[in-house]
J.: 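I'd like to ask some things about the structure below.
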Protein chains: 2
Amino acid sequence: MGRVNEGLRRGRPPKGAEQLSREAILNAALAVIDAKGLDAVSMRTVAREIGVDAKSLYNHVDGKDGLLDAVAEHVLAGIHIPKSTGALEHDLRAIARAFRRATLAHPNAATLVLTRQLSSLEALAPVAAVLSVLRHAGYSPELSVHLLRSLLATLVGTLLREANAAPSFGVRDPKGIARRRKALEGSGLPALVETAPHLARCDHDEEFDFAVNLMIDALPACPPT
Amino acid sequence: MGRVNEGLRRGRPPKGAEQLSREAILNAALAVIDAKGLDAVSMRTVAREIGVDAKSLYNHVDGKDGLLDAVAEHVLAGIHIPKSTGALEHDLRAIARAFRRATLAHPNAATLVLTRQLSSLEALAPVAAVLSVLRHAGYSPELSVHLLRSLLATLVGTLLREANAAPSFGVRDPKGIARRRKALEGSGLPALVETAPHLARCDHDEEFDFAVNLMIDALPACPPT
DNA sequence: ACCTGAACACCGTTCAAGT
DNA sequence: ACCTGAACACCGTTCAAGT
């Protein structure tokens, strides 16, 4: 909720009344996102959360876009990279899980993390970790980068689905299922009808593991050196 | 640019002056997106493109969100699904390419297509095609859906990167490269330094093929029945 | 059936004025 | 150095009034 701005003052707060900080702004933004979703973020709602005027944010953050970038980087910086054991497949799986945990720590912010062009050094930690593991396994720099990009793409796509920002084809309400079934049966798309029960449910843990395992199982077809 | 709204009239256009249609709205929205990007889309800019009042759009479209959904579905509906040859790997590759072509036909709209929860039957065409190919190759309905989701996730992640809506770590301007190199060398992340030249460039055709091939090479590790 | 005027409650951002 | 008042040019959307 934040403090109420008592009375109208101008100029920098004369007393202790601690200053607005970039960190406070990021946390306020994250609070808004967690509570009301990404669409609820505006310079005004974030400022209100701290009890300050929206225009004050511009002293610490590069506009709304810069704020959102900073939030994304802040969230991803929360990743805890597991230390390498030297076992390629195990290590990749562990990094993938860590990436997922960090991304979904704030589910409403996941789209942001997965969708923004991050450039800070902190946000590069998972990238560095994957590359390090691949390099130690003997992959060339070039091949390591290709594999990194493929793995990352799969993670991004899978996690976006999980954050409800990509098609899952899961339909919760049974009315919707029945309606769609009807539509499908006359559609000349038998593959959809056959698989409809499995399309209708989506266990995110299971799908995540499946996708990661598939990528890792592909590695032998693409050996080092 | 669209017609000018000559004079201020009210009520439905009295004459021929053909009516506003849902299709005209979608095309106008796409024109705005192509010309000025996704952020330039507003009910007002789209309406201006046709020479009509923004509020008129509400007679044909369910608000801005509904409009964007409709645009995404419209774009994806433009996909040309190649007919099956019966060769699993070849067919999957062909569908993947068709998906890419359809998605990137309007590059500024790609994020929309890849990021919105699509539900129309038309948008299900690529899904049906992948499932059909997998089923014919002998995969069970359940496994087919898992494979579909993994493949789709990889495509979504890869194409989002291509649409500049996901991290690519490609840095164009050489000043940025030099600056980052400096930052990296002191960062204790040697894997990043070693691979920096390959991270700095990103050939989208190449990365797309690599990712798709990796998925397809994983299929033998995951056989039917 | 469909379009618009008036209206409302919002936006992001700049800039000068204040302390 | 940092905060705000005034101001600007935008938003999405509702609803009644028009034809």
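So that the names make sense, note that chain A is the first sequence line, chain B the second, and so on, each numbered from 1.
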J.: So which one's nearest nucleotide on DNA chain D is more toward 5', V41(B) or N59(A)?
T.: N59(A)
J.: Taking the side chain as every heavy atom from C-beta outward, state whether L199(A) and L131(B) have any atom pair closer than 4.5 Å.
T.: yes
J.: Below the 4.0 Å mark, does dC3(D) have OP1 or OP2 next to a side-chain nitrogen or oxygen of H60(A)?
T.: yes
J.: Please check the phosphate of dG12(D) (OP1 and OP2 only) for any side-chain N or O of K64(B) closer than 4.0 Å.
T.: yes
J.: Calculate, to the nearest 0.5 Å, the distance between atoms CG and CG belonging to L148(A) and L92(A) respectively.
T.: 10.0 Å
J.: In whole angstrom, what separates R48(A)'s CZ from dC10(C)'s P?
T.: 8 Å
J.: Take the protein atom CD1 of I25(A) and the nucleotide atom P of dC2(D), then report the distance between them rounded to whole Å.
T.: 11 Å
J.: Between A54(A) and R44(A), name the one whose nearest nucleotide on DNA chain D is closer to the 5' end.
T.: A54(A)
J.: In whole angstrom, what separates D65(A)'s CG from dC11(C)'s C1'?
T.: 15 Å
J.: May I ask you to evaluate whether S42(B) reaches the phosphate of dC11(D), defined as a side-chain N or O under 4.0 Å from OP1 or OP2?
T.: yes
J.: Please give the nucleotide sitting opposite dT4(C) as a Watson-Crick or G-U wobble pair, both distances under 3.5 Å, or none.
T.: dA16(D)
J.: For dC11(D), which nucleotide is its Watson-Crick or G-U wobble mate, given both distances must be under 3.5 Å?
T.: none
J.: Rounded to the Å, how far apart are K55(B) NZ and dT4(C) C1'?
T.: 5 Å
J.: Write down the distance between CE (M43(A)) and C1' (dC3(D)), rounded to a whole number of angstrom.
T.: 14 Å
J.: Between dT14(D) atom P and Y58(B) atom OH, what is the distance in whole Å?
T.: 7 Å
J.: Write down the distance between CG (L57(A)) and P (dC11(C)), rounded to a whole number of angstrom.
T.: 12 Å
J.: Which part of the nucleic acid, if any, lies within contact of T45(B), taking any heavy atom under 4.0 Å across all strands shown: a base, the sugar-phosphate backbone alone, or nothing?
T.: sugar-phosphate
J.: Hey, could you give me the CG/CZ distance between D209(B) and R93(B), rounded to the nearest 0.5 Å?
T.: 8.5 Å
J.: What is the distance from CG of D53(B) to P of dT14(D), rounded to the nearest Å?
T.: 14 Å
J.: Are T154(A) and V212(A) close enough that some pair of their side-chain heavy atoms sits under 4.5 Å apart?
T.: no
J.: Given side chains that start at C-beta, do those of R97(A) and P82(A) come closer than 4.5 Å, heavy atoms only?
T.: no
